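This is a predicted model, so every value here is computed, not measured.
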Number of protein chains: 2
Amino acid sequence: MFDRLKISLDRLLPVTRDEFMYFATLLTPRRLAKHESLLRGGEVCSHIAFINQGCLRYYYLKDGDEYNGQFFFEGAWVGDYQSFLTGQPAVQYIDALEDTELLVIKRTDLQALYAERPVFERFGRLLAENIVIGSQRRTASLLFDTPEERYLKLIAERPKVMERIPLHHIASYLGIKPESLSRIRKRLADNR
Amino acid sequence: MFDRLKISLDRLLPVTRDEFMYFATLLTPRRLAKHESLLRGGEVCSHIAFINQGCLRYYYLKDGDEYNGQFFFEGAWVGDYQSFLTGQPAVQYIDALEDTELLVIKRTDLQALYAERPVFERFGRLLAENIVIGSQRRTASLLFDTPEERYLKLIAERPKVMERIPLHHIASYLGIKPESLSRIRKRLADNR
DNA sequence: TCGATTTCTTAACCCAGGTTAAGATACGTC
DNA sequence: GACGTATCTTAACCTGGGTTAAGAAATCGA
C-alpha cells in the first residue's frame, strides 16, 4: 500500500524506515470513483493527497466554463496549494478522471510533522520547489507558445496525458476549445 | 542596509536577532545599473538575490523575441528557480529595469544554511510555497482571462508595475504585442 | 440490447490580436 | 541644443482561434 509512496519520497530525499513508518501513520486511504470530486471551489483545502493509483485534474471555473490547470497521475501529490497554505477558500476544483486510490494527510498533521521531523520540513521545501519549476514552465508555455506548439510538446513530453485523458480536457489544458484542437489535429494530419 | 530584509523575512516567519545576523554574513551587496543583467539564459544560476531597492524582470527569449515572465520590486527575491535548484543552464534572463541594489547569496551557502539552521529550511519552504501560489495565479490568468482582463487586473492589483514599467514590457508580460496593448487602451479610453 | 450520453469532428462565419508601416513625443547624452 | 534612441500610438490588412450548429462514432448504463 505504501510502496509507491516510499519510492516517490526517496526520489526527492531519502528517509529512514523509521521516519517513513511514522509518516505512514498520518495517512488515510481514500478512494474516488471516476468523476468524483476531491475538492470544490469555495471549500478550504484541509488535506493533500498522494495518488497511489489513478488520475486527477484540477480546474478553474469561470462564467460556467471549466479550464484545466493541471493533470496528475500516480506518484504525484494533489491539493489546492493556495487554499491549503493560506486557509482561504479554494479557487481550484479537483476531480478524479479515473477510479483513483489516494493517501490523504491532514493539513494540521503535516504542519506538526514539519515541526517535529526536520527531514519532512525539507521534503516540503523540495516538493514546493519542484512545483514552482513545473508551474513556471507551464506559465512560459502559455505566454509564448502557440496552441499548436503546446499540443506537440504535450505529445512529446507527457504521453500519459495523451493516452489517458479525453481530448476536450486536453484542449482546455492547452487554453483552446475542443473544436480548435480538432482543427489543429486535422492541420497536422494533412501533414502541415 | 539589512532593514528591509529583516522586515521581509519576519513577514514570512520570525527569526531571532542572532539567526538573522548569521544569515546577513552570507550576503554580498551588489549594484546593477538600469538594463544591466543579473543572469543570462544558458548560464547556471548560482546565486539568488534579495532586492533592497529597484526593480527587475525575468524574461524568456524565443526566436529573438523577449517574453516577460515576471517583475520584481524591493522586498522580493529573484533568481531562476529551475536553474538554481537543478544546476541546469537557465532558461530565463534577468535584467534590472532601474538602478538596483541587491543582497546576493550563493547557492552553496544557502544549502549549507538550510542544513545548519532549521528555521531557514522552513523559510525556504515558505518562500517556495508563496512562489507556487503566485505562479499558479499567473498561469490561471493566462489560461482563461482575455488580455484586456489581464490588463485591468494588473492596474487594480499591481499599481507599482503600471507606475514603474514601460508599456511595451507590460504588453509582453500580458502575452500580447505593444500595438495590441495600445489598441486595448484606446478601446477602454473610448469608454468601452 | 438499445437508447442516452460522451467524445470527437467538420464547416461557415466572426473577431481580437498579429503584422507591417509610419509617425509623434519624450528622453538622454555628447 | 541637436541628434539618436526609446516609448507609444494609429491604421490597414491578415490569421488563427471562438462561436454556432450539426452529425458521426464510441461508450455507458439500465
Side-chain angles (χ1 to χ4, degrees), chain A residues 32-37 55 57 59-68 71 95-99 141-155 161-192, chain B residues 33-37 55 57 59-60 62-68 71 95-99 141-155 161-192:
Chain A
L32 288 180
K34 184 173 176 174
H35 295 142
E36 202 175 340
S37 86
C55 163
R57 64 180 177 127
Y59 62 95
Y60 304 90
L61 216 50
K62 187 194 179 190
D63 304 331
D65 293 317
E66 296 179 1
Y67 296 85
N68 289 136
F71 304 114
D95 281 8
L97 288 167
E98 303 172 355
D99 293 344
S141 187
L142 286 168
L143 193 58
F144 58 69
D145 289 334
T146 64
E148 179 174 319
E149 288 170 328
R150 290 200 286 276
Y151 175 64
L152 291 171
K153 282 189 181 178
L154 194 67
I155 293 173
V161 170
M162 294 306 301
E163 285 158 19
R164 291 165 62 175
I165 293 174
L167 285 175
H168 67 277
H169 277 145
I170 290 176
S172 164
Y173 174 83
L174 296 174
I176 57 178
K177 302 292 164 185
E179 297 87 338
S180 297
L181 180 54
S182 270
R183 184 158 38 195
I184 288 169
R185 284 159 58 82
K186 183 172 169 58
R187 212 154 64 202
L188 293 169
D190 300 353
N191 48 318
R192 178 70 222 172
Chain B
K34 184 174 176 173
H35 296 142
E36 202 175 340
S37 87
C55 164
R57 66 181 174 125
Y59 62 95
Y60 304 91
K62 187 193 178 190
D63 302 332
D65 293 319
E66 296 179 2
Y67 296 84
N68 289 135
F71 304 115
D95 282 8
L97 288 167
E98 303 173 354
D99 292 343
S141 186
L142 286 168
L143 193 58
F144 57 69
D145 288 334
T146 64
E148 179 173 320
E149 288 170 329
R150 290 200 286 275
Y151 175 64
L152 291 171
K153 281 189 181 177
L154 194 67
I155 293 173
V161 171
M162 294 306 300
E163 285 157 20
R164 291 165 62 175
I165 292 174
L167 286 176
H168 67 276
H169 277 144
I170 291 175
S172 164
Y173 174 83
L174 296 174
I176 58 178
K177 302 291 163 186
E179 299 88 337
S180 297
L181 180 54
S182 271
R183 184 159 37 195
I184 287 169
R185 283 160 59 83
K186 183 173 170 58
R187 211 155 65 202
L188 292 168
D190 300 352
N191 48 319
R192 178 64 225 170

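Summarising the geometry, atom OG belonging to A:S37 is positioned 6.5 Å from atom OH belonging to A:Y59; distances are rounded to the nearest 0.5 Å. A distance of 12.0 Å separates CD in A:E98 from CG in A:L32, rounded to the nearest 0.5 Å.
The phosphate of D:dG16 has neither OP1 nor OP2 within less than 4.0 Å of any side-chain N or O from A:R187. When the side-chain nitrogen and oxygen atoms of B:S180 are compared with OP1 and OP2 of C:dG18, one or more of them lie within a distance under 4.0 Å. Proximity of A:H168 to the phosphate of C:dC8: a side-chain N or O atom is located under 4.0 Å from OP1 or OP2.
In this model, no donor atom of one side chain and acceptor atom of the other lie less than 3.5 Å apart for B:Y173 and B:R57.
Rounded to whole Å, the distance from CG on A:L97 to C1' on C:dT7 is 14 Å.
Checked against D:dA11, C:dG17, C:dC8, the side chain of B:E179 finds its nearest nucleotide in D:dA11. In the set D:dT10, C:dT10, C:dG17, D:dT10 carries the atom at the smallest distance from any side-chain atom of B:K186. Distances from the side chain of B:K177 to the nucleotides C:dT19, C:dA16, D:dG17 place C:dT19 closest.
Put simply, the side chain of A:R150 gets close to the backbone of A:L174: a donor and an acceptor are under 3.5 Å apart.
Of the two residues contacting DNA chain C, namely A:S182 and B:G175, the nearest-nucleotide position lying further toward the 5' end is that of A:S182.
Under 3.5 Å, the side chain of B:R183 and the base of C:dG18 form at least one donor-acceptor pair of N or O atoms.
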